[in-house]
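Worksheet: the structure to be examined is printed underneath.
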Amino acid sequence: MPNYKLTYFKLRGRAETARYIFAYSGIKYEDDTIERSDWANLKQTLLFKQLPILRVDAIEINQSTAIGRYLARETGLAGKSNLEQAQVDAIVDTINDFMNLFPWTERDQDVKQKRTKDILANNVPTLLEGLCKLLGDRTWFVGDSVTWADFHWAVCSITLTNLNSDILHNYPKMLALKERVEALPRIASWIEQRPKTPL
Ligand SMILES: N[C@@H](CCC(=O)N[C@@H](CS)C(=O)NCC(=O)O)C(=O)O
């Protein structure tokens, strides 16, 4: 088993899906959360000046989706066939497309609030309706067992409900899926011990 070190800010953000995969699979890793005050120095050392980074022994992997997909493949959470893997990847990429619409780094709070409200009202329903149809009456998004697409939904839906606590009101199946993931014993235990952060 390689040595894993996941470096990110002290936030759920783009590292949390990887943390769910580590938690669920029971693989040991170093959860290297950095202080904002250390960021400027660390940034200089990074190829693309961004986090998260996963170090697998001496190899450094950037891009949260590449990290998630790699860990999911290593742990049997990527989908059981090529076709299932494509379905899983499509869900993760779609969720990311919508999450990336939000103006996370906008400094003008009025602009940020207005844009966020607009996305929640006009874009997010398309995501939720589509995901709801994909899930149908099944337990997990793809195949007959949990995949990292379910984890990614559970992680991103926390952010969505923090932005608007009623957002899942009309989507009980999507709420139930999030709760199903959060009830998996090792995920539940991670959620209990993780730092409480706004994002
Ligand atoms: N597409 C990349 C985006 C990475 C990214 O935007 N990272 C942000 C944090 S979520 C970052 O490092 N921001 C600090 C900066 O750019 O100074 C991924 O998914 O990993």
Side-chain angles (χ1 to χ4, degrees), residues 2-25 27 29-75 77-79 85-109 111-113 115-116 119-120 123-124 127 131 141 147-164 178 181 190-191 194-199:
N3 245 311
Y4 289 115
K5 179 173 171 178
L6 180 66
T7 303
Y8 193 60
F9 303 101
K10 207 172 276 181
L11 298 171
R12 296 185 312 280
R14 293 182 197 262
E16 194 65 9
T17 301
R19 295 191 188 112
Y20 275 33
I21 298 173
F22 278 123
Y24 181 78
S25 59
I27 292 178
Y29 74 109
E30 183 184 345
D31 190 18
D32 176 36
T33 52
I34 67 144
E35 299 296 336
R36 273 279 163 192
S37 52
D38 294 333
W39 173 231
N41 282 341
L42 174 65
K43 189 169 178 164
Q44 315 290 338
T45 68
L46 301 176
L47 278 183
F48 300 105
K49 318 295 178 204
Q50 284 188 328
L51 296 175
I53 296 279
L54 178 70
R55 288 188 185 79
V56 184
D57 291 330
I59 304 283
E60 230 176 66
I61 305 172
N62 66 305
Q63 290 293 343
S64 56
T65 308
I67 292 169
R69 191 179 296 122
Y70 160 73
L71 291 174
R73 284 181 179 157
E74 289 293 296
T75 54
L77 289 165
Q85 291 184 9
Q87 291 175 277
V88 167
D89 287 349
I91 292 167
V92 171
D93 287 346
T94 300
I95 294 173
N96 286 343
D97 278 357
F98 281 86
M99 297 309 289
N100 286 339
L101 293 174
F102 289 99
W104 302 114
T105 55
E106 174 61 58
R107 280 163 192 239
D108 182 324
Q109 292 308 309
V111 172
K112 187 169 184 168
Q113 254 188 23
R115 181 85 189 108
T116 298
I119 294 161
L120 287 168
N123 300 91
V124 172
L127 172 69
L131 291 178
F141 272 132
T147 68
W148 74 293
D150 302 302
F151 291 177
H152 198 55
W153 162 247
V155 165
C156 293
S157 60
I158 299 171
T159 304
L160 291 176
T161 47
N162 283 348
L163 292 171
N164 175 351
K178 169 188 189 282
V181 170
W190 164 245
I191 290 173
R194 75 181 165 197
K196 310 288 171 251
T197 58
L199 287 172

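Counting starts at 1 for both ligands and their atoms, in listed order.
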Pair Gln44-Trp39, side-chain donor/acceptor within less than 3.5 Å: no

Winner among Lys49, Arg36, Met99, Gln50 once heavy atoms are compared against atom 4 (C) of ligand 1: Gln50

Thr65-Asp93 side chain donor-acceptor pair, cut-off 3.5 Å: no

Side chain proximity check, His152 to Asn96, heavy atoms < 4.5 angstrom: yes

Atom indices of ligand 1 within 4.0 angstrom of Ser64 heavy atoms, with elements: 18 (C), 19 (O), 20 (O)

Numbered atoms of ligand 1 (with element) below 4.0 Å of Lys43, judged on heavy atoms: 15 (C), 16 (O), 17 (O)

Closest protein heavy atom to atom 2 (C) of ligand 1, given as residue, atom name and distance to 0.1 Å: Gln63 OE1, 3.1 Å

Side-chain touch Lys5/Leu54, heavy atoms, less than 4.5 angstrom: no

Glu30/Arg55 ion pair, N-O < 4.0 Å: no

For ligand 1, the portion of Tyr8 having any non-hydrogen atom under 4.0 Å away: side chain

Ligand 1 atoms in contact with Trp39 (distance to a heavy atom under 4.0 Å): 14 (C), 15 (C), 17 (O)

Lys49 atom NZ: more than 12 heavy-atom contacts under 6.0 Å: yes

Protein contact to atom 13 (N) of ligand 1 [nearest heavy atom, distance to 0.1 Å]: Phe9 CE1, 4.3 Å

Pro52 heavy atom under 4.0 Å from ligand 1: yes

Identity of the nearest option to atom 5 (C) of ligand 1, non-hydrogen atoms only, from Asn100, Leu51, Ile67: Leu51

Proximity to ligand 1 by part of Arg14, non-hydrogen separation under 4.0 Å: side chain

